[in-house]
2 protein chains.
Amino acid sequence: MTGRSTGLTISDVAKAAGVARSSVSRAFTRPDMLSPETVQRIMDAAKRLGYVPNHTARALSTGRHGNVALIVPDVANPFFPPLIRAAQREAERRDFCVFLGNTDEDPKQESKLLGRFAGQVEGVVLVSSRLSDAQIRSHVSQRPLVLINRDVEGIPRVLIDSGSGVSEAVAHLAELGHKKIVYVSGPVTSWSNKQRKAAVQAVAARLGLTVETVAASVASYDAGRNAVGRILATRATAAVAFDDLTAQGVLAGLADRGVAVPADFSVVGCDDVLGAATYPPLTTVSNRSEEAGTVALSLLMDMLKSRVVQDARHVLETHLVVRNTTVGYKAAHGKAEPG
Amino acid sequence: MTGRSTGLTISDVAKAAGVARSSVSRAFTRPDMLSPETVQRIMDAAKRLGYVPNHTARALSTGRHGNVALIVPDVANPFFPPLIRAAQREAERRDFCVFLGNTDEDPKQESKLLGRFAGQVEGVVLVSSRLSDAQIRSHVSQRPLVLINRDVEGIPRVLIDSGSGVSEAVAHLAELGHKKIVYVSGPVTSWSNKQRKAAVQAVAARLGLTVETVAASVASYDAGRNAVGRILATRATAAVAFDDLTAQGVLAGLADRGVAVPADFSVVGCDDVLGAATYPPLTTVSNRSEEAGTVALSLLMDMLKSRVVQDARHVLETHLVVRNTTVGYKAAHGKAEPG
DNA sequence: ACTTGTCACGCAACCGGTTGCACGTCAAGC
DNA sequence: GCTTGACGTGCAACCGGTTGCGTGACAAGT
């Protein structure tokens, strides 16, 4: 009637096995408390009847549901799925189920979801949260929570340091002989964008490169494509783009103008989101989003176990992945930087 | 202690409002049964205390959890995220939460997840299930279930008919003057692959095109790239690939050999997974996966409401999206098909 | 033989809601 | 004035497990 999978309860099993309900319960949760024969008898009966413990009832009395929530800004952004999958895997390894929430980049929606999940999850991991620090803190007081790509003091968090990879990218370009490069920036409000831009400028300064910034404002193919005019106007010989999508746009714009990559111009992306699956394969910065997912989940699980919030701050460094859109400027041209 | 958001229960509210627990319960679930003033008083007390109903307890007594599960083969496959997001949105619109399951294309894993979710969801949508018909049927007997891209008689299902779009693609190529094309096939076990291949052959026959099949075996960039030698050997002038990833590989392989696209060769993908975000933008077939997600969810919700399984079979037709990897063969060459 | 301790198990309360039924009140109908 | 019915509310059982505590059986210790 109710669509329940089976109407079977511990009582049925208890009757069949000739024991009390509590013994059935213990057979499943703490078999060591029972004699081996009793456990065996109960298990046999359970299997014979096709009994399966009711998750909800168990959750009600224990307060443990075995669920966690994962909340992301946008499932369809290719950056997140690998992270989701990794988190999922880790959760399942520990016999947890995961609720997935999609906020559409909207803080209100994020709060709403948090509320809806509350009471059926034991913990939450918030990815690239758009909430204010204060809001995040207020949620933390209610239930275990870990952050990904959001740096709030006192709250367990795992951060993907794209700065390290971007730095390598700039060093790579310098080593190849480029003297002037441009950073194609992303959304100004983005934590990642700030991080990446700063890294580019720091390393460029250290290695004596000139760097100009061209704003793509939003992170998209079109934004990258539209920025090409301004990029070329700088007379730079290489560009580091905020992300792969932007980089791909830049490649398109370059192609439109007949600029060959990497022969005439080098491009590096960030996040390794398209993998090698475009042509030419993009030199980019690894994202380690999978590890972020795994680590965040383990962190959360540890908290659930120990019941203590640790001020963990797990930083994942990224690295340059050299493919085919970068090449030595001198090697390609056999001469020095144009005047 | 237990990390519950609040220790508040209906009893607290009842006491504060000076009514019985049952009245508090009714104030939230069937306010029409109470006098307006009582409802008001209870609500005030609840708000003042910060009471929020316990989802788990409610689920235990009603059998309704307000959760559904969405199980996909691989979150990271770009085909699924838009579908997931759409389903999510639809679920939320109806105040449902969604569990996400990832099977890694493994039927065993799929069964396991189905089991783990059982008892905490009211219904399931299974996307591109790898289970056998019999297994699927056995699950259906246990709880409401709807299928996406899996055609099992008697079970509500929504099917994305990529055949229609592929047919358009072939017609498009014919119209452009191509006489001989190749179909770069995907996994032989794939329902979609069968569908697409059949469509290509049917339309080609009708329009008098010659079509050869080149197997890429798995759907991937590399597979596509490796197939190019064989594709070119057929002396065809255009290719329809199983999916966008494969198509992208084909483009890469073509570029490796100096074959210009679309000037010398036309390529069309399928699934519109990379959007326009590559260069040159790929002519492909739309996927309508978002609608599939939305429709599947509504179907499920209807079943939950009416408690009756309808043998719905919802087919979504796809269409050709013309971008820049196809062009008239004659237009490009100004002559007839080469000998 | 009698205390003491251990072990296996049952009893019953509890988790936090929902819901069938009974009860009391009050207005309308005769 | 008494029945009738509608209405608002409370009582208590129930959803399906978990768990603190008590009890009886049996072995070991003196």
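So that the names make sense, note that chain A is the first sequence line, chain B the second, and so on, each numbered from 1. What you are looking at is a predicted structure, and each value in this text was computed from that prediction instead of being measured.
- Within 3.5 Å, no donor on the side chain of T62(B) pairs with an acceptor on the base of dC15(D), nor the reverse.
- Residue V24(B) is classed as having no contact, given no heavy-atom separation below 4.0 Å to the nucleic acid.
- Within the structure, a side-chain polar atom (N or O) of S35(B) is placed less than 4.0 Å from OP1 or OP2 of dT9(D).
- The nearest whole Å value for the distance from the NZ atom in K15(A) to the C1' atom in dG16(D) is 14 Å.
- The shortest side-chain heavy-atom distance between R94(A) and S298(A) falls under the 4.5 Å cut-off.
- In terms of polar N and O atoms assigned as donor or acceptor, the side chain of R21(B) never comes within less than 3.5 Å of the base of dG16(C) in a complementary pairing.
- Residue contacts for T56(B): at a heavy-atom cut-off of 4.0 Å it reaches no nucleic acid atom on any strand shown.
- In this structure, a donor-acceptor pair under 3.5 Å is absent between the side chains of Q120(B) and Q120(A).
- Y51(B) has its OH atom 10 Å from the P atom of dG16(C), to the nearest Å.
- Close to dT9(D), at under 4.0 Å from its OP1 or OP2, lies a side-chain N or O of T38(B).
- In terms of phosphate contacts, S25(B) brings a side-chain nitrogen or oxygen within less than 4.0 Å of OP1 or OP2 of dT18(C).
- Minimum atom distance to the side chain of R64(B) is reached by dT19(C), of the listed dT18(C), dT19(C), dT18(D).
- Atom CE of M33(B) is separated from atom C1' of dG10(D) by 11 Å (rounded to the nearest Å).
- Side-chain contact of E110(B) with S129(B): a donor-acceptor pair under 3.5 Å is present, judged by distance alone.
- If you take CG of L60(A) and C1' of dG16(D), they are 9 Å apart, rounded to a whole angstrom.
- Protein atom CD1 of I10(B) is 13 Å distant from nucleotide atom P of dC11(D), rounded to whole Å.
- S11(B) comes within contact range of no nucleotide atom at all, as no heavy-atom separation falls under 4.0 Å.
- T56(A) places a side-chain N or O within 3.5 Å of a backbone atom of G119(B) that can act as its donor or acceptor partner.
- Following rounding to the nearest Å, R30(B) (CZ) and dC7(D) (P) show an atom-to-atom distance of 14 Å.
- Considering only side-chain atoms of R58(B), the nucleotide from dG17(D), dT18(C), dT9(D) that sits closest is dT18(C).
- Ion pairing between a basic and an acidic side chain is recognised when a charged N comes within 4.0 Å of a carboxylate O; R130(B) and D106(B) show no such pairing.
- Atom CZ of F28(B) is separated from atom P of dG17(C) by 9 Å (rounded to the nearest Å).
- At a cut-off of 3.5 angstrom, counting only N and O atoms as typed in the model, there is a donor on one side and an acceptor on the other between the side-chain of R26(B) and the base of dG10(D).
- One finds a side-chain N or O of S23(B) lying less than 4.0 angstrom from the OP1 or OP2 phosphate oxygen of dG10(D).
- A straight line from CZ of R41(B) to P of dG8(D) spans 14 Å, rounded to a whole angstrom.
- Side-chain atoms of V125(A) and L297(A), non-hydrogen and from C-beta on, do get closer than 4.5 Å to each other.
- Counting non-hydrogen atoms under 4.0 angstrom, S22(B) reaches a base of the nucleic acid.
- Annotation: of the two residues near DNA chain D, A20(B) and A57(B), the 5′-most nearest-nucleotide partner is A20(B).
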